[in-house]
Amino acid sequence: MKESYFPQEIEKKWQAVWEENKAFHTPDNSDKPKYYALSMFPYPSGKLHMGHVRNYTITDVIARFKKMQGYNVLHPIGWDSFGLPAENAAMQHGADPAKWTDENIAYMTKQLKMLGLSYDWEREVTTCKPDYYKWTQWLFIQLFKKGLAYKKEAGVNWCDNCGTVLANEQVIDGKCWRCDSVVEKKYLSQWFFKITDYAERLLEDLDKLEGWGDNVKTMQANWIGKSKGAIFRFKVKEVDGLEVPVYTTRPDTVHGITYLVVAPEYKDIEKLTTPENKQAVEEYRANARKMSEIERLSTERVKTGVPLGTHCINPFTGEEFPLWTADYALVEYGTGAVMAVPTHDTRDFDFAKKYNLPLKVVIQNPENPSDCKDGAYTEEGILVNSNEFNGMKNTEAKEAITQKAVDGGFGEFKTQYRLRDWLISRQRYWGAPIPVVYCDKCGIVPEKEENLPVMLPTDVDFSVVGKSPITTSKTFEETTCPICGGKAKREMDTMDTFVCSSWYYLRYSDPKNSTRPFSKELVDKWLPVDQYVGGIEHAILHLLYSRFFTKALKDLGLLSFDEPFKNLLTQGMVLKDGSKMSKSKGNTVDPDEIFENYGADTARLFILSDSPPARDFDWSDAGVEGCYKFLNRVWRLVSDNQKYLTKDYKLSFPLARENDDLVRTVHIAIKGITNDIANDFQFNTVISKYRELTNAIYDWRGKKSDLSEEDRNVLSFAIISLVKLMAPVTVHMSEEIWHDLGGEGSVHNEKWCEWDENLAKASKITLVVQVNGKVKDKIEADEGVNDEELKNIALSSEKIKELTAGKEIVKTIVVPKKLVNIVIK
RNA sequence: GCCCUUGUGGCGGAAUCGGUAGACGCGUUGGACUUAAAAUCCAAUCGGGGUUCUCCCUCGGUGCCAGUUCAAGUCUGGCCAAGGGCACCA
């Protein structure tokens with residue numbers, strides 16, 4: 001064994017050996033129980049960043065730990081490789097997106113291997129390859145056949161910079177999630193997935209996900225946005241037979257309606273406008289259309305609107321009230337029309353105040369009645385001015401009033417969701433083509449399954465502006481109808497890349513299958529994913545879409561489970577100097593440099609060391625240095641003592657020498673480390689325990705000049721245990737030391753260390769003696785003493801005698817093996 | 001505005017059940033080794049006060065204010081701050 005630690009040399013060597021031996025290949029057949037550990041697969045942007053390093057290290061340590069614990073571990077990797085950056089690179093540098101992507105994958109693959117990650121590379125999946133997107137298209141067709149994929153004309157989010165539409169989930173604060181440009185509204189015919197059909201199940205099943213954090217679950221629940229209320233239909237006085245339905249969560253306030261608002265895009269708005277008001281309404285609508293999403297959504301904005309000139313009749317009171325249009329009513333939500341009760345809704349109040357609309361109080365706090373002239377009363381209360389419902393609590397009136405509407409035939413109970421259907425069309429080239437054709441005779445027809453994949457054309461011009469490059473292909477659009485064989489045109493849109501990433505974790509179970517996306521047998525064997533690890537930024541987008549896919553595919557009979565990810569760990573960001581690493585801030589750290597200067601083991605150790613995985617992690621150069629020093633310290637510990645170490649690395653557990661403190665320390669460390677990993681993967685404390693154990697071995701060794709036969713066994717036991725405990729983290733160094741000590745095979749195939757409960761505690765205890773809850777003395781005692789003896793030990797302490805002299809002892813509390821508290825007066 | 005998360009030394013953070021607050025590390029300071037440096041090793045390191053001064057005593061301290069308890073970083077109620085999510089969703 002070399003005297004000094006040369007990580008680069010060791011790491012290269014073992015990476016080659018593992019690759020040669022296919023050390024991390026996962027067989028489908030095994031007697032061992034399965035464990036599926038998964039990191040969110042990367043977009044091949046060019047180079048790994050520290051966020052990747054953190055993500056993949058966490059999952060890798062979990063995978064290796066589970067393997068040592070006796071599981072057959074599936075730990076795959078792949079590439080989310082469709083998407084705009086490849087296309088942008090093509091536009092800017094004239095590169096081929098496929099080539100650009102391949103080069104990036106090649107480079108990043110090299111980096112992943114340098115990090116020493118235990119992937120089964122035979123299961124690698126790349127979403128932009130025809131053997132993968134064939135099945136993305138196939139799944140699209142299955143959803144289409146089930147009525148879950150459909151095309152409709154809709155107001156969509158348009159990003160002019162990206163030249164494509166965006167899903168609602170991809171609009172952040174009215175801006176594009178990718179490029180930050182302001183999103184506009186456009187009216188286009190687009191493909192959607194009917195995720196709204198699954199709204200209730202997506203919400204309900206969140207309860208099943210015990211292994212997910214509350215933050216992610218709440219974000220999803222808020223996004224689905226379930227609310228319970230009622231639909232009321234109001235007859236229009238001026239137009240015979242026309243009704244305006246509204247959705248409300250406050251049916252209890254129905255007697256307080258003083259006007260009604262429809263969205264500028266409301267379907268019947270023209271019928272509801274009188275000739276005198278037509279011009280003003282038209283102008284208002286034109287203006288609303290022009291406005292960007294961001295302007296329209298601003299809460300600071302003063303509400304505006306114009307009257308339509310017509311009126312509705314409130315069936316509860318017979319009162320008439322005017323109709324208005326205002327853009328605070330949203331056409332996409334509810335019925336696109338809102339009943340306005342300014343006395344009990346702050347938005348309605350603001351609007352009524354501005355346009356001088358009347359107020360009518362219908363809910364009152366009996367202790368503190370308000371006329372609502374200065375603001376809406378939105379708390380609970382008792383109904384007034386509400387005919388037969390007067391005196392009823394408003395919470396009870398909700399149901400009673402809705403029931404009256406149901407009985408009267410002018411309303412019903414209604415549950416509403418905020419979630420909208422998932423818009424998947426993209427007017428871009430670098431994505432999976434949507435496999436449908438348009439035939440004049442047969443209409444919208446899915447491509448025949450035997451004709452899949454619908455290949456991306458390669459004869460395209462990337463320099464075009466304002467339209468998808470795919471439209472410049474001379475060979476792509478013209479095709480024949482799969483039904484009638486006549487001339488037909490292909491769909492020119494491609495799919496949102498989130499479609500590709502909504503099922504990749506299923507493909508890993510059967511990545512080479514050429515007849516199906518995956519076999520049912522294998523997908524049911526490996527899935528659900530036991531531990532998923534990735535960034536919080538996917539809390540809604542990717543995770544919601546994947547859950548939807550899993551449920552839809554279960555309904556199609558393709559698999560037997562309905563939640564894809566049993567446990568989810570959302571790792572925190574990697575910061576430098578308190579802010580997120582980014583190129584624009586110039587505070588990035590290049591993983592390559594760290595590998596080169598310190599080696600991958602140091603990088604892995606450090607990225608796990610300072611913070612628990614779920615929290616943000618502050619990168620510091622001094623911290624890296626500290627971890628490197630620690631590894632050197634471990635190395636020296638072994639090399640300095642190598643001549644004393646036994647080759648019998650299978651030393652029996654527990655080691656006979658119970659009275660040796662070091663033996664106990666090792667057992668304590670094994671127990672602590674195993675529990676810390678089991679408890680939410682607290683790798684930061686795991687690493688502090690590596691250090692404690694190392695320090696303890698040094699201390700023990702420092703006290704001995706000569707080592708007896710038994711001492712040598714104890715030392716060997718301690719060092720071999722340390723090396724094995726560190727193996728999931730410092731993968732190369734542990735392997736090297738393992739072999740230097742005469743170990744066979746791979747340390748990564750060794751069984752995880754076990755501990756003896758009797759030895760995993762100190763032989764002596766420190767008895768803490770408190771007086772009135774304050775610590776006054778600490779006394780060493782034998783581990784086995786009982787409560788009565790502990791009490792006597794405490795009371796016989798000189799210090800305690802002094803403190804209690806002349807005082808009455810009210811009571812004495814004994815916590816076994818720990819503490820005695822004496823209460824005096 | 002609503003929802004979620006988090007508040008502990010100079011810093012990252014530790015503390016299964018309510019039971020020694022500050023593990024482990026970074027940083028800092030002092031020392032050893034060395035011609036010197038690096039590396040390494042040893043020691044100190046929450047704050048105030050006291051002291052017979054490498055020993056030791058005492059008081060305070062986990063965002064703030066209350067409460068429960070023999071005992072609260074941990075439990076309960078009420079606030080405050082930071083980060084994140086949603087947001088004219090009727």
Side-chain angles (χ1 to χ4, degrees), chain A residues 4 172-173 213-223 225-227 229 246-250 253 261 263 296-301 303 326-330 332-341 344-348 350-351 378 416-420 536-537 539-540 572-573 575 578 606 609-612 614-627 629-630 632-633 636 672 675-676 678-679 682 684-692 694-695 698 702 766-778 799 810-816 818-824:
Chain A
S4 305
I172 315 290
D173 289 335
D214 281 340
N215 52 346
V216 177
K217 288 196 275 189
T218 322
M219 275 160 79
Q220 292 215 355
N222 288 345
W223 189 263
K226 181 179 182 173
S227 68
V246 300
Y247 171 73
T248 180
T249 54
R250 294 297 304 275
T253 64
V261 179
R296 189 165 163 179
L297 291 179
S298 165
T299 17
E300 263 94 279
R301 224 180 103 232
K303 290 177 185 33
D327 61 10
Y328 82 88
L330 308 173
E332 305 94 337
Y333 187 76
T335 63
V338 187
M339 63 178 227
V341 185
H344 305 297
D345 181 283
T346 50
R347 292 156 306 187
D348 297 344
D350 292 345
F351 192 82
T378 55
Q416 184 72 39
Y417 300 90
R418 216 183 59 96
L419 184 71
R420 319 256 167 93
I536 185 77
E537 67 273 18
I540 293 172
M573 286 186 299
L575 312 177
F606 175 56
S609 67
D610 268 357
S611 305
R615 277 213 232 168
D616 287 350
F617 175 87
D618 211 337
W619 183 277
S620 80
D621 297 335
V624 184
E625 195 72 39
C627 285
K629 284 180 186 175
F630 170 66
N632 275 284
R633 192 166 143 81
R636 274 196 311 277
N675 287 345
D676 282 355
N679 183 19
Q682 284 187 54
N684 54 329
T685 55
V686 168
I687 287 162
S688 72
K689 281 167 183 142
Y690 293 162
R691 293 177 186 273
E692 282 175 2
T694 306
N695 292 344
Y698 265 106
T766 305
L767 177 67
V768 176
V769 187
Q770 297 182 332
V771 174
N772 288 347
K774 305 234 174 207
V775 179
K776 294 296 174 188
D777 201 4
K778 293 170 192 179
K799 230 179 261 173
V810 182
K811 66 172 157 179
T812 312
I813 290 121
V814 182
V815 180
K818 224 175 215 167
L819 175 142
V820 174
N821 186 14
I822 299 156
V823 187
I824 57 170

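Each chain gets a letter, A, B and so on, in the order its sequence line appears, and its residues count up from 1. Side chains are part of it too, since the values below use all heavy atoms of this structure and drop only hydrogens, waters and symmetry mates.
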Could you please name the option among [options] that lies closest to any side-chain atom of [X]?
X: A:Asn675; options: B:U16, B:G12, B:C70; result: B:U16
X: A:Lys303; options: B:A23, B:C88, B:U20; result: B:C88
X: A:Leu819; options: B:C26, B:G19, B:C4; result: B:G19
X: A:Ala329; options: B:A15, B:C24, B:A90; result: B:A90
X: A:Gln682; options: B:A15, B:G13, B:A87; result: B:A15
X: A:Lys629; options: B:C24, B:U40, B:G12; result: B:U40
X: A:Leu330; options: B:G12, B:A90, B:G85; result: B:A90

Expressed as a whole number of Å, how far does the [atom1] atom of [N] sit from that of [M]?
N: B:G10; M: B:G49; atom1: P; value: 16 Å
N: B:U62; M: B:U54; atom1: P; value: 32 Å
N: B:G25; M: B:A14; atom1: C1'; value: 11 Å
N: B:U69; M: B:G18; atom1: C1'; value: 9 Å
N: B:C64; M: B:U51; atom1: P; value: 31 Å
N: B:U20; M: B:G77; atom1: P; value: 24 Å
N: B:G50; M: B:C70; atom1: C1'; value: 29 Å
N: B:G30; M: B:G78; atom1: C1'; value: 48 Å

Length of the [atom1]-[atom2] vector between [X] and [N], whole Å:
X: A:Met219; N: B:A87; atom1: CE; atom2: P; value: 11 Å
X: A:Asp616; N: B:G13; atom1: CG; atom2: P; value: 9 Å
X: A:Tyr247; N: B:C88; atom1: OH; atom2: P; value: 16 Å
X: A:Asp618; N: B:G27; atom1: CG; atom2: C1'; value: 14 Å
X: A:Asp350; N: B:A90; atom1: CG; atom2: C1'; value: 14 Å
X: A:Arg615; N: B:G83; atom1: CZ; atom2: P; value: 16 Å
X: A:Lys226; N: B:C3; atom1: NZ; atom2: P; value: 19 Å
X: A:Arg418; N: B:C86; atom1: CZ; atom2: P; value: 8 Å

**Request:** With RNA chain B as reference, determine whether A:Val815 or A:Lys689 sits nearer its 5' end, using the nearest nucleotide of each.
**Result:** A:Val815

**Request:** With RNA chain B as reference, determine whether A:Lys818 or A:Asn215 sits nearer its 5' end, using the nearest nucleotide of each.
**Result:**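 Mapping each residue to its closest nucleotide by heavy atoms, the 5'-most match is A:Asn215.
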
**Item:** Carboxylate-amine/guanidinium proximity below 4.0 Å for A:Asp676 and A:Lys689
**Value:**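 Looking at A:Asp676 and A:Lys689, the cut-off is met.
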
Glycosidic conformation of [N], taking syn as within 90° of 0 and anti otherwise:
N: B:C79; answer: anti
N: B:G50; answer: anti
N: B:C17; answer: syn

**Message:** Applying a 3.5 angstrom cut-off to the pairing atoms, does RNA chain B sit in any stems of at least three consecutive Watson-Crick or G-U pairs? List them by first number.
**Reply:**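 Stems found: B:1-7 with B:80-86, B:10-12 with B:24-26, B:27-32 with B:40-45, B:46-50 with B:56-60, B:63-67 with B:75-79.
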
Whether [X] contacts [N] is assessed here as follows: a side-chain N or O lying under 4.0 Å from the phosphate OP1 or OP2. Is that the case?
X: A:Lys811; N: B:U69; answer: no
X: A:Tyr333; N: B:A90; answer: yes
X: A:Arg691; N: B:G13; answer: no
X: A:Asn684; N: B:A23; answer: no
X: A:Arg636; N: B:C41; answer: yes

Name the nucleic acid region contacted by [X], choosing base, sugar-phosphate or nothing; use a 4.0 angstrom heavy-atom cut-off, strictly under.
X: A:Val823; answer: sugar-phosphate
X: A:Val775; answer: sugar-phosphate
X: A:Gln770; answer: base
X: A:Lys217; answer: nothing
X: A:Lys774; answer: sugar-phosphate

Are [X] and [Y] close enough that some pair of their side-chain heavy atoms sits under 4.5 Å apart?
X: A:Asp610; Y: A:Trp619; value: no
X: A:Val686; Y: A:Gln682; value: no
X: A:Val338; Y: A:Val246; value: no

Between protein and nucleotides 49-57 of chain B, what N or O pairs are separated by less than 3.5 Å?
residue	atom	partner	partner atom	Å
B:C57	OP1	A:Lys799	NZ	3.1

**Asked** When the ring planes of A:Tyr328 and A:Phe351 are compared, do they come out parallel, tilted or perpendicular, using 30° and 60° as the limits?
**Response** tilted

**Item:** Any side-chain donor near an acceptor of the partner, A:Asn695 and A:Arg633, under 3.5 Å
**Value:** yes

**Request:** Check salt bridge (Lys or Arg N to Asp or Glu O under 4.0 Å) between A:Lys818 and all other residues, then give those that pass, not counting sequence neighbours.
**Result:** none

**Fill in**
Which of A:Val261, A:Asp327, A:Asp350 passes side-chain contact (heavy atoms from CB on, under 4.5 Å) with A:Lys303? It is A:Asp350

**Prompt:** Looking only at heavy atoms, which two atoms of A:Asn821 and A:Asn772 are closest? And how far apart?
**Reply:**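 Minimum heavy-atom contact is OD1-N, 3.5 Å.
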
**Minimum-distance pair of heavy atoms, taken over all atoms of A:Met339 and A:Asp348** =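 For A:Met339 versus A:Asp348, the nearest heavy atoms are O-OD2, 3.8 Å.
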
**Item:** No-H, no-angle donor-acceptor pair, A:Asn222 side chain to B:C86 base, under 3.5 Å
**Value:**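 A donor-acceptor contact between them is absent.
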
**Request:** Taking the six-membered ring for Trp and the single ring otherwise, decide whether the centroids of A:Phe606 and A:Phe630 are under 6.0 Å apart.
**Result:** no

**Item:** Polar side-chain atom of A:Asp616 near backbone of A:Met573 as donor-acceptor pair, under 3.5 Å
**Value:** yes

**Message:** Treating A:Asp345 as the side-chain partner and A:Ala340 as the backbone partner, does any N or O pair qualify as donor plus acceptor under 3.5 Å?
**Reply:** no

